[in-house]
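Protein chains get the first letters and strands the later ones, always in sequence-line order, with residue 1 at the start of each.
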Number of protein chains: 2
Amino acid sequence: MTTTRDLLVDTMKQLLWERGYDATSPNHVLERSGVGKGSFYHHFKSKKSLAIAAMEARADELITEFDTVIATTQGDWLDKVSAYLRMPRHALTGCRIGRIVQDPSVIDSELQAPLQRYFGALQQRLSALYTDARNEGKLSAGCQPEGLATATLSIVQGGFVYGRAVSQDQAVNDACESFIGLLASQRLN
Amino acid sequence: MTTTRDLLVDTMKQLLWERGYDATSPNHVLERSGVGKGSFYHHFKSKKSLAIAAMEARADELITEFDTVIATTQGDWLDKVSAYLRMPRHALTGCRIGRIVQDPSVIDSELQAPLQRYFGALQQRLSALYTDARNEGKLSAGCQPEGLATATLSIVQGGFVYGRAVSQDQAVNDACESFIGLLASQRLN
DNA sequence: GTCTATAGCGGGATAGAC
DNA sequence: GTCTATCCCGCTATAGAC
């Protein structure tokens, strides 16, 4: 059973993905969800508060997806990272959460918080993964784990941006695949 | 001597960088430039047409910057690409042109055209650079030049996105530096 | 909880005088 | 070429009835 509140959050998640924050209006949410204006402002005090709820939910969802891929993929660090980089992506729509970071309103610290949490969580996990690999002698000692983690997250975000700019839906995959090739050269044993 | 038209284009270039397309209104342009509304619509028939002019000018500027760095940097392919990746960047504001690709209105083909031209130009140049390097035996034969070019452009765009998301202005540089480290492993001779 | 009505504001543009 | 006045619309709510 889906409550009205949950319906609003789910609808906002979808619209934030499709149109970002600034370009999504309360009216869009109402039209798509079928909820009335009175209900909207009964459950949430503003567009911003609904967006925050939606982004927190999205962050949780994506962190869980990441953890699942890493945990269920057999093999060494490169196999796990490759599995993450090869997850199916909606290339032209963009990252379900990274898509909104350039919206002017998102400089606001409350709106930015879920983004920081999401990227911070993945950065930590990837850093730990690369650090362990290096300590076990399976990753070239010349690599800096934090930098590699930042690059890993950046290649995905940048692949989305580039792909949308040139309208080529295979661009994210190309960028990721090329990055995997470079990472493979750092694999030892 | 700067004409009113040029002043409008320059102001729009700046605002597209700071706020993107959808969040920039004609009134913003008028306030910052000191031009009147009548003049605006005398020189341009719409916000969109001014934005296209501004983006074309920006694309020209950035392509020229790229060509200059590549041409003036001494050394092999890795030195040239590294010099490009190490160019100073306004990390938290974003790429002067890539910054706007997620704006919903920019799915419009006329608005997208300058973006396609810019990224297409750099993609071609980088592909050629990597192809030549490989043919000369200076780049590992296992590398695919087009994929490497896509990854090179993506690492910059993604570094901007990641850096803004976590409010860390060194993130773009970290991502680029890490990518340079990976590229270095592909250098032969 | 949900509805309809209303409000104030800014966006994007047009009209016509100067 | 530039100015001011005006227009219609959608955004982000708020008010108060049901």
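Listed by residue number, the members of residues 6-20 of chain B with any heavy atom below 4.0 angstrom from DNA chain C form an empty set. Within residues 41-53 of chain B, the residues having any heavy atom under 4.0 Å from DNA chain D are, by residue number, B/His42, B/His43. Less than 4.0 Å separates DNA chain C from at least one heavy atom of each of the following residues of residues 24-40 of chain B: B/Thr24, B/Ser25, B/Pro26, B/Asn27, B/His28, B/Lys37.
Applying the salt bridge (Lys or Arg N to Asp or Glu O under 4.0 Å) rule to pairs touching residues 146-166 of chain B yields nothing, sequence neighbours excluded. Pairs engaging residues 117-133 of chain B under the salt bridge (Lys or Arg N to Asp or Glu O under 4.0 Å) rule: B/Glu56-B/Arg117, B/Asp60-B/Arg117, B/Asp67-B/Arg125 [sequence neighbours left out].
Qualifying side chain to side chain donor-acceptor pair (under 3.5 Å) partners for A/Ser46, counting only residues two or more places apart in sequence or in other chains: none. For A/Arg96, the salt bridge (charged side-chain N to carboxylate O under 4.0 Å, His left out) partners two or more places apart in sequence, or in a different chain, are A/Glu61, A/Glu65. Applying the side chain to side chain donor-acceptor pair (under 3.5 Å) test to B/Tyr130 and every residue at least two apart in sequence or in another chain returns B/Thr152. With sequence neighbours excluded, the residues that form a side chain to side chain donor-acceptor pair (under 3.5 Å) with A/Ser127 are A/Gln123. Partners of B/Ser178 according to the side chain to side chain donor-acceptor pair (under 3.5 Å) rule, which considers only residues two or more places apart in sequence or in another chain, do not exist here.
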Which side-chain N or O atoms in residues 2-10 of chain B pair as donor and acceptor under 3.5 Å with protein atoms at least two apart or in another chain?
from: B/Thr3; atom 1: OG1; to: B/Asp6; atom 2: N; distance (Å): 3.1
from: B/Thr3; atom 1: OG1; to: B/Asp6; atom 2: OD2; distance (Å): 3.3

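Under the 4.0 Å criterion applied to side-chain N and carboxylate O atoms, A/Asp108 and A/Lys48 are assigned as salt-bridge partners.
With hydrogens and angles left out, the side-chain atoms of B/Thr150 and A/Asp174 include no donor and acceptor closer than 3.5 Å. Side-chain polar atoms of B/Thr73 and B/Asp79 form no donor-acceptor pair below 3.5 angstrom.
Atom OG of A/Ser185 is separated from atom CD1 of A/Ile180 by 12.5 Å, given to the nearest 0.5 angstrom.
Chain A approaches DNA chain D over the interval D/dC11 to D/dT14, counting the first and last nucleotide 5' to 3' with an atom under 4.0 Å from its heavy atoms.
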